[in-house]
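The model shown is predicted, which means the values in this text are computed figures rather than measured ones. Just so we're on the same page: letters track the sequence lines, and every chain starts at 1.
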There are 2 protein chains.
Amino acid sequence: MDEKDAFQLQDFLPYLLNQAAEAASLSFQKVYKGRYGMLRTEWRVLFHLGLYGRLTATEIGERSGLHKTKISRAVAALEGKRFIVRERDDEDRRVEYLTLTTSGLAAYKDLRAIAQSHEERLLKAFTPEEAALLKRGLKRLAGA
Amino acid sequence: MDEKDAFQLQDFLPYLLNQAAEAASLSFQKVYKGRYGMLRTEWRVLFHLGLYGRLTATEIGERSGLHKTKISRAVAALEGKRFIVRERDDEDRRVEYLTLTTSGLAAYKDLRAIAQSHEERLLKAFTPEEAALLKRGLKRLAGA
DNA sequence: TGTTGTTAGTTACAAAATCAACCATTAACT
DNA sequence: AGTTAATGGTTGATTTTGTAACTAACAACA
């Protein structure tokens with residue numbers, strides 16, 4: 001349209017990031033969706049509990065940046081799959097602690113292994129230095 | 001949970017990419033959503049037409065990787081906003097050519113300028129070399 | 001005690017994304 | 001020509017997300 005127009009969609013960072021993110025998560029998504037019928041929010045919650053142990057929904061929200069309604073639904077779904085259990089706090093009966101069940105832990109470990117090999121495959125296209133640089137850049141963008 | 005567990009969510013590339021992508025598109029989203037009531041697919045279609053001129057829905061799909069139903073709905077929405085017009089091909093009456101209207105072009109130019117300054121702001125945190133490296137990496141991941 | 005404010009989490013309803021089935025038209029083959 | 005397949009695009013049903021309002025429990029303070 002505009003011949004001397006420098007702008008290119010493929011170079012627009014939000015667009016590029018999105019394309020890369022989508023491509024990178026595709027094959028992993030197939031596993032957690034296909035094998036466990038999970039949604040993106042669900043595996044994230046699962047991983048938080050697997051990595052950090054017992055947490056409340058609010059704590060998961062703080063760590064993940066996920067909104068509490070998303071977490072509430074993910075927790076309900078994971079509970080339905082018998083992957084997590086809730087425990088009311090007796091001191092403050094508003095809060096409930098979430099922990100993985102045995103099968104929840106098994107699912108976490110399974111998915112974690114897959115995530116790791118998936119990551120390796122993705123990074124095959126990069127030297128370790130490039131990979132480190134890339135990740136540092138992404139963290140900066142993520143506002144960490 | 002697993003003390004000697006090397007895995008970290010913040011280092012898992014699909015997760016990291018997603019966080020970065022979300023953070024990076026947030027402020028731009030506010031503009032196209034707030035100012036023009038557009039959805040993500042809509043600005044993408046708008047940009048494709050702004051950048052490449054007259055295209056069919058299928059061509060947009062090939063270039064963008066968007067599914068045809070998404071495009072169909074985005075096109076309908078943009079048409080409703082009087083940003084694009086359709087033109088049937090007389091040779092093959094299945095295909096229709098899409099072009100921006102004057103106000104569609106104006107919206108495109110407006111958003112493109114905002115995209116550019118948004119991009120600049122994002123890249124302020126990087127040296128030109130870092131930025132170039134980052135983008136090359138992302139393109140590699142995007143499977144371009 | 002009663003009122004007001006906060007926090008943890010859920011639910012209800014609307015907006016949007018997904019997926020499959022669907023026309024209409026053209027192409028290919030007999 | 002008649003049938004079958006492929007293509008361009010749309011529509012409808014279902015799922016998922018987003019936003020706001022909500023309940024329940026606690027806290028602060030008069």
Could you list who else is in [X]'s hydrophobic cluster, with ILVMFWY side chains joined at under 4.5 Å, directly or through other members?
X      : result
B:L133 : A:L133
B:V95  : B:Y97
B:L26  : none

Reading DNA chain D 5' to 3', which nucleotide is the first, and which the last, to come under 4.0 Å of any heavy atom in chain A?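 For DNA chain D, the relevant span reads D:dT16 to D:dC26.
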
With sequence neighbours excluded, tell me which residues meet side-chain hydrogen bond (donor to acceptor under 3.5 Å, both in side chains) with A:H118.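 Partners of A:H118 under the side-chain hydrogen bond (donor to acceptor under 3.5 Å, both in side chains) test: A:S27, A:R121.
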
Heavy-atom pair with the smallest gap, counting every atom of A:V45 and A:A74: CG2-CB, 4.0 Å

Closest non-hydrogen atoms of A:L111 and A:V31, given as atom of the first, atom of the second and distance, are CD2-CG1, 3.9 Å

Sequence neighbours excluded, which residues qualify as salt bridge (Lys or Arg N to Asp or Glu O under 4.0 Å) partners of A:D110?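 For A:D110, the residues satisfying salt bridge (Lys or Arg N to Asp or Glu O under 4.0 Å) (neighbours in sequence not counted) are A:R35.
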
Salt bridge (Lys or Arg N to Asp or Glu O under 4.0 Å) partners for A:R88, two or more places apart: A:E96

Any side-chain heavy-atom pair of B:Y15 and A:S64 under 4.5 Å: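 B:Y15 vs A:S64: side chains touch.
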
At the 4.0 Å heavy-atom cut-off to chain A, mark where contacts on DNA chain C begin and end, going 5' to 3'.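 Taking any atom under 4.0 Å from a heavy atom of chain A, the span is C:dT6 to C:dA12.
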
Can you classify the ring geometry of B:F47 versus B:W43 as parallel (below 30°), tilted (30 to 60°) or perpendicular (above 60°)? perpendicular

Salt-bridge test for A:R40 and A:E22: reply yes if a basic N is under 4.0 Å from a carboxylate O, no otherwise. no

Do NZ/NE/NH1/NH2 and the carboxylate oxygens of A:E42 and A:R73 come within less than 4.0 Å?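 No.
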
Say whether A:F7 and B:I60 are linked into one hydrophobic cluster, either directly or through other cluster members, by side-chain heavy-atom distances under 4.5 angstrom.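 Cluster IDs for A:F7 and B:I60 match.
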
Where along [range] does a heavy atom fall under 4.0 Å from DNA chain D?
range                     : value
residues 87-96 of chain A : A:E91, A:D92, A:R93, A:R94
residues 15-44 of chain B : none
residues 66-81 of chain A : A:T69, A:K70, A:R73

Centroid-centroid under 6.0 Å between B:F28 and A:F12 rings: yes

Pairing residues for A:T127 by the side chain to side chain contact (heavy atoms under 4.5 Å, CB included) criterion, not counting sequence neighbours: A:E129, A:E130

